[in-house]
Amino acid sequence: MSRRFWVETLGCPKNQVDSDKLTGTMLAEGLVPAAAPGEADLVVVNTCAFIEEARQESIDVVLDLADRRPAGAELVVTGCLAERYGAELAEALPEADAVVGFGVPVTLGPTRRPAGAAPVLDLLNLPRPPAVAPWAYVKVAEGCDRACGFCAIPTFRGKQRSRPVEAVLAEVEGLAATGVREVVLVAQDLAAYGRDQGRGQRRIVPLVAAVAERVERVRLLYLYPSDLTDGLVDAVCATGVPYFDLSLQHASAPLLRRMRRWGDGDRFLRRVEAIRARVPEAAFRSSFIVGYPGETEDDHDLLLDFVARAELDWAGFFAYSEEAGTYAAGLGGAVPAGLVADRLAELRELQDAITAAGRDRLIGSVVEVLVDAPGVARSHREAPEIDGIVAVPDDLAVGAFVKVRVTGAAGPDLDAVVA
Ligand code: SF4
C-alpha cells in the first residue's frame, strides 16, 4: 500500500509554491495524498519564519499535528523556520522526526538523513502537480538583494536567483494545460526579476508580456515601489489586470530612510494618481509596518494622511517584529506595545472604511469575473486568498470568465448576478 502524505502550508504564496513542488516530488515517488493529517503516514509542515507571530504559529501547528498524526506516522518540518533555525529547532522540537532546510527531500526518513543535509532539490525549478484551481502562483525567483531594515528574509532565503524565462514559461504552459486561467507571479522582489542574470537589467516587463500570451490573466504581487517603471505599468495594464500590489511599508520619508527603503507618501501618491488617471478601474494593494524603532507621532500622522488620501483598495498593517540579524534590531527608539496597538487599530479602522466605500461604489456596475469555486469568483480587483471575493450563482462553471452585475457589498465582499 502506498504511503500517504499530508502537507500543511504556512506563510506566504511563495511557500505555497514550494509546497506544491514538494507535493510533486512525493507524487513522483509514488506516495499518495491523504484526505486528512490523521490519515497520513508522512506529515510535512512547510513553515514560516518572517516575524515572531508567524514563528509561533508554525510551532503551534507542528505541535498540534504531532498530536493528531497516527501512531508511527513521520512528522517532517521544512520551510523558512527549518532553514533559519535548523539544528536549534530540531533540538527544541523532539516531536518532529526531522527538520530539513530548503531543497532537502522530505521523504528520506529520519535515519537516512545526515545532520545538516545539503539541499539536493532545486525547489525553484522542480515540476509541480496539476493545479487544483483555475488560478495558481508561479514563483519566478528566490531570495532578495535588498536590505530593508526590518527584514531577515535575505539572511535565510539568500541573494536573488531568478529562474530562466524558459523555465517559468514552461511551468505556465503546464498549468494552463491543466485548466489554469490566472497566473499570479510572485517573488520576494518581483520587479527586480532578471537583474541577477548577469545582464544587470530587469526582465520583468518581457516576462509579463510572455506570460500574458499563455494565460488569460496575469497578476503580480510584491512590487518594490521604485521599480514600478512606466514600462512595467504599461505591461501590467496591457494584461487587462490593472492590479498593483505595492510593498510601501510606510509613508514618512525620514522613517523610510531609517527602514533603508526608498520613497515617501507624496511620491507614492503621485504614482497611484497617475495610474488612476490612465486606468480609472486600476486596483491597489499595499502593506505597512507600524511601530518601527523611532516611529514618531508625526510619522504616524503622515501614514494616516497617506492612507486617507490614497484610498487603496486593500491594505494590511503589521506590528514591527524585531528580527535577529537585521539592521533595525540594533536601533534604539522602541515604540511601546500599547502605542503600536493603538496606531494599528486607528489605521485598520480607517482602511476598513475606505475598502468598504470602494466596494459600495461598485454596486450596479458590470465586471468580468473568474469563477474559482462554486459561488466564488474574482474580478481583476481581487487577488486570490488575500482580498475579498465576488459571490456569484452556484451554477456558474468553475474556471469560466463571466460578466456579472454587482448587486450588493458586505465589507470586502461583493454579491453579483449574471449580467
Ligand atoms: S524587498 Fe525588503 S522586505 Fe522584501 S524580502 Fe527583500 S529585504 Fe525583505
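We count ligands from 1, going down the list as the structure has it; atoms in each ligand are counted the same way.
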How far is [atom] from its nearest protein heavy atom, and which residue and atom is that?
{"atom": "atom 2 (Fe) of ligand 1", "answer": "Cys148 SG, 2.4 Å"}
{"atom": "atom 8 (Fe) of ligand 1", "answer": "Cys151 SG, 2.3 Å"}
{"atom": "atom 4 (Fe) of ligand 1", "answer": "Gln188 O, 4.0 Å"}

- Query: Is it true that Arg163 and Glu171 make a salt bridge, defined as a side-chain N closer than 4.0 Å to a carboxylate O?
  - Reply: yes
- Query: Does a side-chain N-to-carboxylate-O contact under 4.0 Å join Asp266 and Arg271?
  - Reply: no
- Query: Does Arg261 use its side chain to pair, donor to acceptor, with the backbone of Arg257 at less than 3.5 Å?
  - Reply: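 Not confirmed, Arg261 side chain does not pair with Arg257 backbone.
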- Message: Treating Gln351 as the side-chain partner and Arg348 as the backbone partner, does any N or O pair qualify as donor plus acceptor under 3.5 Å?
- Response: no
- Message: I'd like to know whether ligand 1 has Tyr222 as a neighbour, heavy-atom separation below 4.0 Å.
- Response: no
- Just let me know how Pro154 lines up against ligand 1, side chain, backbone, both or neither, with a heavy-atom cut-off below 4.0 Å. side chain
- Cys144, portion touching ligand 1 at heavy-atom distance under 4.0 Å: side chain
- Query: Taking Glu74 as the fixed residue, which of Arg4, Arg3, Arg69 is the one that meets the salt bridge (Lys or Arg N to Asp or Glu O under 4.0 Å) rule?
  - Reply: Arg3
